[in-house]
Amino acid sequence: MRVLVAIGCDHYSSEKLSDLAGAENDASAIFDLLARNEGGFYDKDRSILLRSPSSEEARAALEQTIFDTNNDEVDFCLFFAGHGYLKDGAYFLCVKDTSVDRLSVSAIGITELFMWINEANVRDSNIVIDSCQAGGIACDVAAFLKPGKIGNLGSPSISVLAAAAADQVAREINGQGVATSALLKCLSGEVVVQTDRPSLNLIEVGHSVAELMGKENQQAPVYWGLNLFGRSLFASNPRFDEPKRPVIGLPDGLNRSADDEPVIREHATKVWELYLSSSRQFDAISFLNLTQSLLSDLPTDSTAAPIIVDALATTFRQIVSGSNDPFEEIELLGACIASLLRYSDGDDVAASVIIAMSNQLLETISSGSKVVLNAIEENHFALLSERSALADLYYLPIRILKILGWVGTGQYIANMLNKECPKELLVRQQLVRAILEIYTCSIVAVSDEQTCNFVIFLCVAESMELSDEAEQLFGLLCHTFHKFDGNISRAHLSGSNAYKFIKARAEERNAIHEGLISRPTEFLSALMCASEKLALSGVVDSLIEDFDHMSANLFVPDSYTSFAEERIDNGLNHTFIIGHGVWCVKDFMDTWRTVRAQIDSDPSIELPAIQIAAICAALIKPNRTPWFVWD
Amino acid sequence: MRIIPFRLTSKISEFDDALSEDIVSALQEQRKAILPSENVFGYSHGTRWRTSTAGNGDENEDGEMQVHSSEIEISFQEIVDNDLGAFAKYRNLVVSRLMEEFMRSMYQTVSDSTEKTGNVVNAKGGGFKAEQYVEMLERIEFGVDRNGNVSFPEIHAGPELVEKMRQELSAQGPDFEKKVQEIIQRKSEAALVKEDGRKSKFPKFGDE
């Protein structure tokens, strides 16, 4: 059962709250559109429209729609237009008899509303507020979003669209709130939100409303949603392109399988802890590990994995899209894709979700590349850390290779999905050239975790028309690897161990603590592969004697579907030692042919979804290298 | 809003913490060469202290902590150039500057204290004379360490002055040497007697 409560309040008895002209119109327009007789998304008989109600009338309407349901599950939507008031960190919706001196008893408190939703049998909740300081609802959210509380949330899905930020006034033009006007454009189909699915969720609508209002330089809406159970529904999609169906195969609406739900709820607290910490900084490895842990606990016959990952991507994207690190959103999508890797061979929906997300990832890499390019052009030192200087002796070379790795991944996806766009290619080229020009001396072999980035970039450099740059990159890394006697650190060093490593390197100590050094290293294998690919094996051969007795490795899993696991148990380490069977690149190529044969024996690697997901897994967890990208 | 790809905040913060710990540890090593560890106190609270030395009649002034700081500039370009020399330069400069400040502060404290008690030997026109050395010894009270050994005074001076001292003292005859040894003997015995007196104040096993 879907119910809508639309409240518009133009008239106020308190002198401190001026009358409005467009709030009732807004509520009526929304009600007429969403709860119309034919084709309305909400059940008109159960839905309620209130014009300038008293607080008693408003509470009664909310109580009736949320609680009087004959034990049926309810999908609930509240639309409110009128005055809003932010007081002591709590947000209130003001109605006709609201007194600003006694808001808690004369207005509708958002915290109170959340409590009702939590207590009632509400399944999907959408809250739209077109009021002054509506973004102040975030204050209530901060109090409400205690992981323990959300973990036990009665409603599996809550989405909010607030018309104005906490310090902004919601405006009316020609008897209509500007936010509601933008919202109506999206809901009526005048503006296309998306064409893939028959329904719209409030997050994607919020995104379109924000874009519309941003274009017209109006107030900035705030929108977010908490959902682990699938796709939340807010309204029907008038621009759904039916012939394109089925696109992905995910069900529209929430997944409430009795077998899956307890597992999801069991992990919810940890998910929300990560969600809250992600507003400070998103940790892709933690996200991937947590998602994998949740998916592992699902019943073996469950089909919920792609639904959950899709919901997580939607929920977390709102948080990371506001970050000053454009690669947080890229890593989020990469982690989501990687988490589905184990399902991608045999589960068509999972494979479809991977491909759909890969398209999003490609767009995000392109936009992120543009942002970083602009930042570097504006300030040559833009890639340096904000607060630390010396740490960048270690982390800047890693950061640079990470950027190149993701840029290469963008190209890999574009090649695989035939999505090449000349403009995006140009941005990639410009970014790579700018990095190589400005940060030449920071292209340094520091850690084995640079290997996967190096390999991915190199394998697509030619298709990016960056062969010269690939040679330059190879030359710089080869030179510095040799300069530091092949001593590079293991992947995933802690910050304190990174310090010890750099200190030893700076003091030119030959004996860096062996626990810090990658032995055997995959980096040397990458250099040897690269030298062969670039026809520069002479460069490596001229240095190779200096690496006498050094061990190198190439790990290949039995199946790439396990490539995102924390520890991949099934696979083979192809280890070789310089000066013991391998004296030149040509000797190494014998090892490589064995590696390639093992890779080719895994039929799953032919699938585009698996290739992309395996690359994403390596970029998120860089202690593995997707050697399959090299022929 | 500044764009920073891959902020790696927590790892960089760990790196910086390790740098701070390393600097502290280097400072501690250098400090040990000047001050024995048992004379180094660490407080959790407050910025002042008063050492109670009941019975000797002295009125000790409150000690007050001093902040030592050092600012070193590293250019962005050095980092972008991956100049590992910047690492050593930064670390060593921070340690040496902090140590310098510490030494300066320590000598100032000693100087203030000796000025106040009049325990000062005047060089009268500069240079170093053997009789001043004797006068210094006369004015100094020897101590006894925890193992019951007499701890002799140390001379802190610049390398040039130390060389002059050495030359001046070795140019003196056996009478001078004998005089010095007598003072040291007398002062050592006095220190041991005083130490015995101090130790005798502890209750002895079997005392009533």
Side-chain angles (χ1 to χ4, degrees), chain A residues 280-283 322-328 330-331 368 371-372 374-376 378-400 402-403 406 438-444 446 480 484 492-500 502-503 505-508, chain B residues 1-33 42 67-102:
Chain A
R280 295 186 297 279
Q281 183 170 14
F282 175 69
D283 180 349
S323 163
N324 62 342
D325 175 0
F327 283 86
E328 285 195 356
I330 292 169
E331 287 205 306
V371 168
V372 173
N374 290 342
I376 295 177
E378 200 175 300
N379 172 12
H380 279 194
F381 300 120
L383 295 188
L384 292 174
S385 299
E386 198 168 21
R387 292 191 185 86
S388 182
L390 293 181
D392 272 344
L393 293 173
Y394 183 81
Y395 290 108
L396 182 58
I398 291 176
R399 185 177 295 132
I400 287 170
K402 272 177 176 281
I403 293 171
W406 279 111
I438 299 167
Y439 295 95
T440 316
C441 297
S442 278
I443 311 281
V444 175
V446 166
T480 50
F484 295 111
H492 292 318
L493 276 198
S494 67
S496 57
N497 280 335
Y499 175 80
K500 286 178 195 160
I502 280 296
K503 187 182 173 194
R505 208 178 235 203
E507 291 170 351
E508 297 180 8
Chain B
M1 185 170 72
R2 194 188 142 192
I3 297 298
I4 309 170
F6 303 106
R7 287 175 287 171
L8 302 163
T9 312
S10 58
K11 287 200 170 180
I12 285 178
S13 163
E14 283 173 16
F15 185 102
D16 286 346
D17 288 348
L19 169 64
S20 304
E21 280 171 23
D22 189 31
I23 287 172
V24 168
S25 149
L27 283 170
Q28 281 174 345
E29 279 304 312
Q30 295 201 13
R31 192 211 57 213
K32 275 182 198 165
V67 175
H68 297 284
S69 63
S70 169
E71 190 175 312
I72 312 289
E73 201 170 274
I74 298 177
S75 69
F76 286 154
Q77 195 59 48
E78 284 175 291
I79 302 302
V80 168
D81 289 346
N82 203 255
D83 179 358
L84 292 173
F87 178 89
K89 184 181 84 177
Y90 174 86
R91 180 188 171 278
N92 298 341
L93 217 52
V94 168
V95 171
S96 65
R97 285 195 186 168
L98 286 174
M99 205 58 209
E100 245 172 58
E101 265 204 67
F102 171 70

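Per chain, numbering begins at 1; letters A, B, ... match sequence-line order. When reading the values below, keep in mind they use all heavy atoms of this one structure, side chains included, and skip hydrogens, waters and symmetry mates.
Contact of A/E331 with chain B is made through the side chain alone, with heavy-atom distances under 4.5 Å. In this structure, chain B has no heavy atom under 4.5 Å from any part of A/I400. Of the two parts of B/E21, neither the backbone nor the side chain holds a non-hydrogen atom closer than 4.5 Å to a non-hydrogen atom of chain A. Looking at A/I376, there are no atoms closer than 4.5 Å to chain B (heavy atoms on both sides), in backbone or side chain. Heavy atoms of A/A498 lying under 4.5 Å from chain B belong to its backbone as well as its side chain. Using a 4.5 Å cut-off between heavy atoms, B/D81 contacts chain A through both its backbone and its side chain. Using a 4.5 Å cut-off between heavy atoms, A/T440 does not touch chain B at all.
Note: B/I12 CD1 to A/Y499 OH = 15.0 Å, rounded to the nearest 0.5 Å. Interatomic distance, CZ of B/R7 versus CZ of A/R280, reported as 11.0 Å (0.5 Å rounding). The line from CD1 of B/I4 to CG of A/D325 is 8.0 Å long, rounded to the nearest 0.5 Å. Atoms CZ and CZ, from A/F381 and B/R2 in turn, are 10.5 Å apart once rounded to the nearest 0.5 Å. With values rounded to the nearest 0.5 angstrom, A/Y395 atom OH is found 7.0 Å from B/L8 atom CG. Interatomic distance, OG of A/S496 versus CG of B/D16, reported as 11.5 Å (0.5 Å rounding).
Annotation: maximal heavy-atom pairing with chain A below 4.5 Å, among B/N82, B/T9, B/I74, occurs at B/N82. In terms of heavy-atom pairs under 4.5 angstrom with chain B, the leader among A/P397, A/A389, A/C441, A/S323 is A/C441. Contacts with chain A were tallied for B/A18, B/S10, B/A86, B/S13; B/A18 has the most, counting heavy-atom pairs under 4.5 Å.
The heavy-atom pair separating A/A382 from B/P5 by the smallest distance is O-CD, 4.4 Å. When all heavy atoms are compared, the tightest approach of A/L390 to B/F87 is CD2-CA, 3.9 Å. Across A/L393 and B/L84, no two heavy atoms sit closer than the pair CD1-CD2, 4.3 Å. Contact detail for A/L396 and B/V80: the closest heavy-atom pair is CD2-CA, 4.2 Å.
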Worked verdict on B/F6 versus A/I403 for side-chain contact (heavy atoms from CB on, under 4.5 Å)
CA-CA 9 Å; B/F6 303 106; A/I403 293 171; 3.9 Å; yes

